[in-house]
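Just below is one structure, and these are the notes that go with it.
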Amino acid sequence: MNSSEIEVQPSCEDEQNTGLITVAEAQARILEGAAPVTATETLPVREALGRVLAEDIVSPINVPSHTNSAMDGYAVRAEDLPADGVREFPVPGTSWAGRPWLTPIEPGQAVQIMTGGMMPAGADTVVMQEQVERAGDTVRIGGGHRHGQNVRAAGEDLAAGQQVLTAGKHLTPADIGVLASLGLSEVPVMRRLRVAFFSTGDELRSVGEPLGPGDIYDSNRYTLYGMLEKLDVEIIDMGVVRDRRDLIEQAFNDAAAHADAIITSGGVSVGEADFVKETLEKLGSMSFWKIAMKPGRPVTFGHIGNAVFFGLPGNPVSVMVTFFQFVRPALVKMSGDTGSPAVYTVRARATTALRKRPGRYEFQRGVLEQTAPGEFAVRSAGAQGSGILRSMSEANCFIMLDPDCTGVEAGEDVTVQPFQNLI
Ligand code: AMP
Ligand code: MG
């Protein structure tokens with residue numbers, strides 16, 4: 001190779017990349033084209049776990065509803081506590097959690113109190129059990145205490161009338177606990193998104209069927225199923241559709257009649273049997289993008305009726321990468337979720353060299369490890385071909401290599417996107 005050939009190399013690359021859009025551009029266009037569902041339903045609080053809250057929740061009560069003790073000990077009036085020395089207090093009774101001492105405290109008294117027990121009227125301070133000497137009906141308390149110590153004020157967690165949860169929040173275990181602490185038995189949530197998917201390809205056989213010459217098992221319906229399960233959507237598995245115009249068209253119509261989103265895999269290349277694009281164009285609206293990324297370069301996006309359509313590539317790793325980068329954020333938005341943070345990224349030291357061609361984004365499969373608190377190392381999960389699902393199974397993150405990157409030496413820092421149990 002002479003030097004002039006080396007010089008023309010970058011423009012060759014540019015030529016190949018014409019008509020490509022960036023990952024960020026594709027993400028933005030897809031999000032723009034994905035509208036949230038509007039229908040809602042009311043569910044018992046436990047069933048609302050993982051669903052998206054449809055209305056703001058305002059607290060109907062104070063939580064806690066009464067001022068109570070944070071410790072087992074003795075409730076007193078701070079002004080009765082000795083500045084120094086020890087004072088003896090008569091103990092008229094006990095305030096248990098759920099069985100309050102309803103008589104107002106008198107000057108100089110100490111009411112025994114348990115954690116969560118309601119503070120007797122007039123008492124403002126709790127002295128821990130470990131810091132007193134109990135003798136019969138009296139207790140000896142020394143100095144060094146602070147006015148108001150060990151007391152939880154009514155409404156300290158949530159005040160009546162305060163907005164507690166915001167519509168659009170994806171409800172977590174803590175959230176349903178908060179709802180229960182308000183005494184709410186039901187909660188309004190967005191209806192669940194319905195997502196239909198099918199695989200296309202004459203070569204695909206389902207598990208349990210024998211493989212003929214040139215056949216492969218359909219794995220995309222399994223990875224897609226798994227990734228959708230994590231999103232708490234209603235899943236409609238439409239099986240394998242053969243590479244025939246009429247069958248593809250029928251499947252599209254079926255899916256559009258039942259689903260908010262349709263996901264297909266395969267059939268978006270420029271092969272002779274790739275009917276996804278033309279069918280989408282015929283029945284709805286179609287955008288086809290070659291995205292400057294690897295894997296997952298060709299992605300089709302559009303609408304059929306009210307349904308959003310994602311035509312993912314056929315290669316098993318491409319399906320997972322494009323689902324994570326494009327489909328998942330769109331489905332999150334469509335579910336009405338406005339509160340979940342974007343997937344986070346971390347910086348990690350590469351412990352293996354990474355080969356990379358410039359001009360496209362690469363999502364390489366990596367194995368991320370924490371080496372010390374806040375410090376991470378990442379290595380390649382092995383062969384990076386877009387058909388090699390094994391490396392996806394061994395990986396726990398994508399190593400994000402931006403278009404400018406020309407490769408990474410061992411010891412350099414890279415940005416990674418942990419799977420976070422999201423896919
Ligand atoms: P296509 O986009 O249809 O040309 O498919 C690209 C590659 O992915 C081909 O090698 C297909 O055999 C393979 N492929 C397509 N769909 C699936 C599937 N559902 N499961 C496994 N491999 C698939
Ligand atoms: Mg195919």
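In each ligand, atom 1 is the first atom listed, and ligand 1 is the first ligand listed. What you are looking at is a predicted structure, and each value in this text was computed from that prediction instead of being measured.
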Quick one: salt bridge (Lys or Arg N to Asp or Glu O under 4.0 Å) partners of Arg242, sequence neighbours excluded? none

If you scan protein heavy atoms around atom 12 (O) of ligand 1, the nearest is Glu203 OE2, 2.6 Å

Applying side chain to side chain contact (heavy atoms under 4.5 Å, CB included), run through Leu182 and Ile57 and close with a yes or a no. CA-CA 10 Å; Leu182 301 178; Ile57 300 290; 3.9 Å; yes

Heavy atom of Gly201 under 4.0 Å from ligand 1? no

With heavy atoms and a 4.0 Å threshold, my read on which part of Arg221 contacts ligand 1 is neither

Distance filter under 4.0 Å to Ser219 heavy atoms, resulting ligand 1 atoms: 20 (N), 21 (C)

At less than 4.0 angstrom from any non-hydrogen atom of Tyr217, what atoms of ligand 1 do you find? 20 (N), 21 (C)

Hey, mind stepping through Met238 and Asp254 against side chain to side chain contact (heavy atoms under 4.5 Å, CB included) and telling me if it holds? CA-CA 9 Å; Met238 297 179 59; Asp254 274 3; 3.7 Å; yes

For ligand 1, the portion of Ile216 having any non-hydrogen atom under 4.0 Å away: side chain

Return the closest protein heavy atom for atom 4 (O) of ligand 1 as residue, atom name and distance. Ser269 OG, 3.2 Å

The protein heavy atom nearest to atom 19 (N) of ligand 1 is Asp218 OD1, 2.7 Å

Ligand 1 N/O within reach of Gly266 N/O, cut-off under 3.5 Å: no

Between Phe398 and Phe419, does the ring centre distance come in under 6.0 Å? yes

Report the part of Ser199 in contact with ligand 1, treating N, CA, C, O as backbone and CB onward as side chain, heavy atoms under 4.0 Å; options are side chain, backbone, both, neither. side chain

Sequence neighbours excluded, the answer for ring pair (Phe, Tyr, Trp, His ring centres under 6.0 Å) partners of Phe326 is none

Shortest reach to atom 17 (C) of ligand 1 by a heavy atom, considering only Val268, Asn220, Asp274: Asn220

Looking only at protein heavy atoms, identify the closest one to atom 23 (C) of ligand 1 and say how far it is in Å. Gly314 O, 3.4 Å

Can you confirm whether Arg192 is buried at CZ, in the sense that more than 12 heavy atoms of other residues, nucleotides or ligands lie under 6.0 Å from that atom? yes

List ligand 1 atoms under 4.0 Å from Asn315, heavy atoms only on the residue side. 6 (C), 7 (C), 8 (O)

Indicate the atoms forming the closest heavy-atom contact of Arg349 with Asp413, along with that distance. NE-OD1, 2.8 Å

Considering only heavy atoms of Gly267, which atoms of ligand 1 have at least one such atom less than 4.0 Å away? 1 (P), 2 (O), 3 (O)

Determine the minimum heavy-atom distance between Met190 and Arg51, stating which atoms define it. O-NH2, 3.0 Å

Aromatic contact between Phe301 and Phe309, with the criterion being ring centroids under 6.0 Å apart: yes or no? no

